[in-house]
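Keep in mind it's a predicted model, so treat the numbers as computed, not measured.
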Amino acid sequence: MDNIDFELADKILGYINSGKYSSGQELEADSVPQPDGKEIIGFSSNITFTLNRKQAEEKFREYRLPEDLLEKASAEDDSLIFSQELLETIGLHLIPYLSYGVLNGGMATSYGDVKNNCAFNPELFSCCEKSFHELSMHTNGRPKGITPAYINPDGTPGLDFMELKFRAMLLNIQKSQTLTGRPASDYQYSTFQMSSHKTDAQLSERYSQYRNSPALAPLIRSTGVDVTQMTGRIQPLIPAFTHTEQGFPLSYFRKADGSLYPLPGGHGQNFFVLKDVYKMLLEKGKKFVYLGNVDNIGFTPSPAAQAILALSGEQAGFDFSFKTPVDVKGGILVREKNGRLNCGDIGRAISKDFVRQAEEKGTIPLFNCATGLFNLEYLVNNLDRIIDSLPVRLSNQNKDAGRYSQAEQITWEIIGLLDDFMIFAVEKSKRFISSKLLMENMLTSGLPCCMEYLEKHMDTDFARAAINIGNGLKECLETQYAMRLENGKWMTR
């Protein structure tokens, strides 16, 4: 029935009803941390990174980096200071060691759900309802990854989310090849994904079409690397459970027609779904994996971040940006009472009151960009522990299908399980251009109905944040995706 994994579903449901999964328990958050230059690094366009010379030399030997790059770093006592430009160059030398992973299992159900989009901003939705229903035709029944990532100024749909992801990786491979002269064979297995039974077939069919896409075909030919041939695994589906207000023990939720409602069990399941993929990538010589959500246009490979992770020897690095009024679905960085940093989803692992109180005190939380860069050897060696320890969160939903609860493992609570990692405090307009909802996409794309609303509310934080993200989209398409605006359409170049 709809490829439901009943064995897994029964196991999760049993654990929830027995209390083994503290599904309703919030993190014991103590404070909202800020950038300190140590655990939390401000990552901007002029970032520098300082490292002990001996460790830098060891890492250069480990990754076979050109020694002349080491000499370009500024010396200060026993340390070396790496500039932004130098970090970018080192990172491009490391691209052959990288595999870029996309969490790609979701259909565009929540994305195009009328109730969810209306709740985002009821007045904005009222202004744009006609355009919303017209554009939702491009999302209905499709995996989110193959829906338009933006809307062109002339009102036509832009490139798909995955089409952009592939283009970003190809552009980085092309730059790396130009710099290093390394052959196409060194860049194989450069992409992977976690899909679901509902999305996998449609994704594969669409990827085969991408190979002739003007945005990808020339880059595939020039690099000799077909990134659309993704390594991946299919995430099992589990049924939605009954709403917790109906009481425990929970059971399977059924829609009005009596059928079950199958859903993926959260992106955190990637660690066991992709377990053999991570091991295979390590065996193939990969040293790092990026992991991120499909709906973030700002999620592109960052050579500078990869260079910092490689040189530091840390276990992972995660992107966070200062929370804005449009950031309503996701998690924030917190320091727990035990002193450890962690990421807690608002409303599930962290209460909305905790966030509100912090903001009222003038502290802006760092919001999760859902982007992680992992040292692959560490990840593989610790997969079993991560799989067993990652919490399961239960969230109540009220959507077109009805009122139900959904059990999910949240990828980014892995932060609470790690010992040595970095938090990159990034610029939202560069690294976190997210479309959790279709209305967000419309707002960021600057549709006329949205701009009319913003003009009426120009003195609000919401409007200022939306305009800033819209400008970030334009910059990201121009720089990270090498596109240009021509006659009302974003065109590849």
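- Contact check for Leu473 versus Ser445: side-chain heavy atoms found under the 4.5 Å cut-off.
- Annotation for Arg493: atom CZ counts as buried by contact number, over 12 foreign heavy atoms lying within 6.0 Å.
- Within 6.0 Å of CD in Glu377 there are 12 or fewer heavy atoms belonging to other residues, nucleotides or ligands.
- Between the side chain of Tyr100 and the backbone N or O of Lys165, no donor-acceptor pair lies under 3.5 Å.
- Note on ring orientation: taking the six-membered ring where Trp is involved, the planes of Phe82 and Phe49 are tilted (angle from 30° to 60°).
- When the shell of 6.0 Å around NZ of Lys72 is examined, it contains 12 or fewer heavy atoms from other residues, nucleotides or ligands.
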Could you go through the ring-ring contact (aromatic ring centres under 6.0 Å, His included) check for Phe318 and Phe374 one step at a time? CA-CA 9 Å; Phe318 304 92; Phe374 294 87; 5.6 Å; yes
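- Heavy-atom contacts from other residues, nucleotides or ligands closer than 6.0 Å to CG of Asp154 number more than 12.
- Side-chain N or O atoms of Asn441 include one that pairs as donor or acceptor with a backbone N or O of Pro148 at under 3.5 Å.
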Go through it in stages, so that I can follow the logic: the residues are Glu440 and Ser434, the test is side chain to side chain donor-acceptor pair (under 3.5 Å), and I'd like the CA-CA distance, side-chain angles, deciding distance and then a yes or no. CA-CA 8 Å; Glu440 280 187 278; Ser434 179; 5.2 Å; no
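- Judged by distance alone, with hydrogens and angles left aside, the side-chain atoms of Thr89 form a donor-acceptor pair with the main-chain N or O of Glu85 at under 3.5 Å.
- The main-chain N or O of Ser395 is never found under 3.5 Å from a side-chain atom of Gln406 such that the two would form a donor-acceptor pair.
- A side-chain donor-acceptor contact under 3.5 Å links Ser176 to the backbone of Leu92.
- Interatomic distance, CD of Glu129 versus SG of Cys118, reported as 7.5 Å (0.5 Å rounding).
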Give the intermediate values and the outcome of side chain to side chain contact (heavy atoms under 4.5 Å, CB included) for residues Tyr404 and Tyr252. CA-CA 9 Å; Tyr404 60 88; Tyr252 291 150; over 6 Å; no
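- Leu203 and Ser195 make their closest contact through CD1-CB, 3.9 Å (heavy atoms, listed as atom of the first residue, atom of the second, distance).
- In this structure, the separation between CG on Asp388 and CG on Leu383 is 10.5 Å, given to the nearest 0.5 Å.
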Just do the side chain to side chain contact (heavy atoms under 4.5 Å, CB included) check on Met169 and Val102 with the steps written out, would you? CA-CA 12 Å; Met169 191 63 201; Val102 183; over 6 Å; no
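- If you take CD1 on Ile414 and CH2 on Trp412, they are separated by 8.5 Å, rounding to the nearest 0.5 Å.
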Let's go through Phe132 and Met439 carefully: what are the C-alpha distance in whole Å and the side-chain angles of both, what is the deciding distance for side chain to side chain contact (heavy atoms under 4.5 Å, CB included) to 0.1 Å, and is it a yes or a no? CA-CA 7 Å; Phe132 172 86; Met439 277 307 311; 4.1 Å; yes
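- In this structure, Glu408 and Asp345 have side chains that are not in contact, with every pair of non-hydrogen atoms separated by 4.5 Å or more.
- Phe462 and Phe120 have tilted rings, their planes meeting at an angle from 30° to 60° on a 0 to 90° scale.
- Residues Leu237 and Ser196 are in side-chain contact: their nearest non-hydrogen atoms beyond the backbone lie under 4.5 Å apart.
- Smallest separation of non-hydrogen atoms from Ala240 and Leu263: CB-CD1, 4.0 Å.
- Rounding to the nearest 0.5 Å places CG of Asn375 at 6.0 Å from CG of Leu309.
- One finds a salt bridge joining Arg206 and Asp160 here, because a Lys/Arg side-chain nitrogen approaches an Asp/Glu carboxylate oxygen to under 4.0 Å.
- The minimum heavy-atom distance linking Asp113 with Asn116 is given by the pair OD2-N, 3.0 Å.
- Enclosure of atom OH in Tyr189 is not indicated, since only 12 or fewer non-hydrogen atoms of other residues, nucleotides or ligands lie within 6.0 angstrom.
- Proximity of a side-chain donor or acceptor of Asn368 to a complementary backbone N or O of Phe320 within less than 3.5 Å is not detected.
- Salt bridge present: Glu134 and Lys130 bring a charged side-chain N and a carboxylate O closer than 4.0 Å.
- Within a 6.0 Å sphere centred on CD of Glu205, other residues, nucleotides and ligands contribute 12 heavy atoms or fewer.
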Mind running side chain to side chain donor-acceptor pair (under 3.5 Å) on Gln193 and Tyr207 for me, showing each step along the way? CA-CA 12 Å; Gln193 70 174 359; Tyr207 296 168; 2.8 Å; yes
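- Ion pairing between a basic and an acidic side chain is recognised when a charged N comes within 4.0 Å of a carboxylate O; Arg431 and Asp319 show such pairing.
- For the pair Glu314 (side chain) and Phe421 (backbone), a donor-acceptor distance under 3.5 Å is present.
- The aromatic rings of Tyr278 and Phe192 lie perpendicular to each other, with more than 60° between the two planes, well past the 30° mark.
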Quick one: do Leu164 and Gln480 satisfy side chain to side chain contact (heavy atoms under 4.5 Å, CB included)? Show the steps, please. CA-CA 9 Å; Leu164 284 181; Gln480 298 302 311; over 6 Å; no
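- The closest donor-acceptor contact from the side chain of Asn172 to the backbone of Ala168 lies under 3.5 Å.
- Ring centroid separation for the pair Tyr453 and Phe125 does not come in under the 6.0 Å cut-off.
- You'll find the side chain of Arg167 reaches within 4.5 Å of the side chain of Thr492, heavy atoms only.
- Minimum heavy-atom separation, Gly145 to Tyr210: O-OH, 4.3 Å.
- The pair Asp400-Lys115 does not count as a salt bridge, with every side-chain nitrogen at least 4.0 angstrom from each carboxylate oxygen.
- Heavy atoms of other residues, nucleotides or ligands lying less than 6.0 angstrom from NZ of Lys399 number more than 12.
- With respect to Glu62 and Lys287, no salt bridge is recorded, no charged nitrogen being found less than 4.0 Å from a carboxylate O.
- Put simply, the side chain of Ser405 never gets that close to the backbone of Asn396: no donor and acceptor are under 3.5 Å apart.
- Between Lys329 and Leu437, the closest side-chain pair of non-hydrogen atoms is not below 4.5 Å.
- Contact annotation: the side chain of Val227 never approaches that of Tyr187 to less than 4.5 Å [non-hydrogen atoms, C-beta and beyond].
- By the 4.5 Å heavy-atom criterion applied to side chains, Leu260 and Arg254 are counted as neighbours.
- In terms of heavy-atom proximity, Ala425 sits nearest to Ile40 at CB-CG2, 4.3 Å.
- Here the options are Leu443, Asn117, Leu454, the test is side chain to side chain contact (heavy atoms under 4.5 Å, CB included), and the partner is Leu124; only Leu443 passes.
- Atom CD of Gln306 sits about 11.0 Å away from atom CD1 of Ile90, to the nearest 0.5 Å.
- A centroid separation of less than 6.0 Å is found between the aromatic rings of Phe288 and Tyr63.
- Taking both residues in full, the closest heavy atoms of Gln409 and Gln269 are given as OE1-CG, 3.6 Å, listed atom of the first, atom of the second, then distance.
- The cationic atom of Arg142 (NZ for Lys, CZ for Arg) does not lie both less than 6.0 Å from the six-membered ring centre of Phe161 and within 45° of the ring axis.
- Atoms OG and CG, from Ser222 and Leu170 in turn, are 7.5 Å apart once rounded to the nearest 0.5 Å.
- Proximity of a side-chain donor or acceptor of Asp257 to a complementary backbone N or O of Ser259 within less than 3.5 Å is detected.
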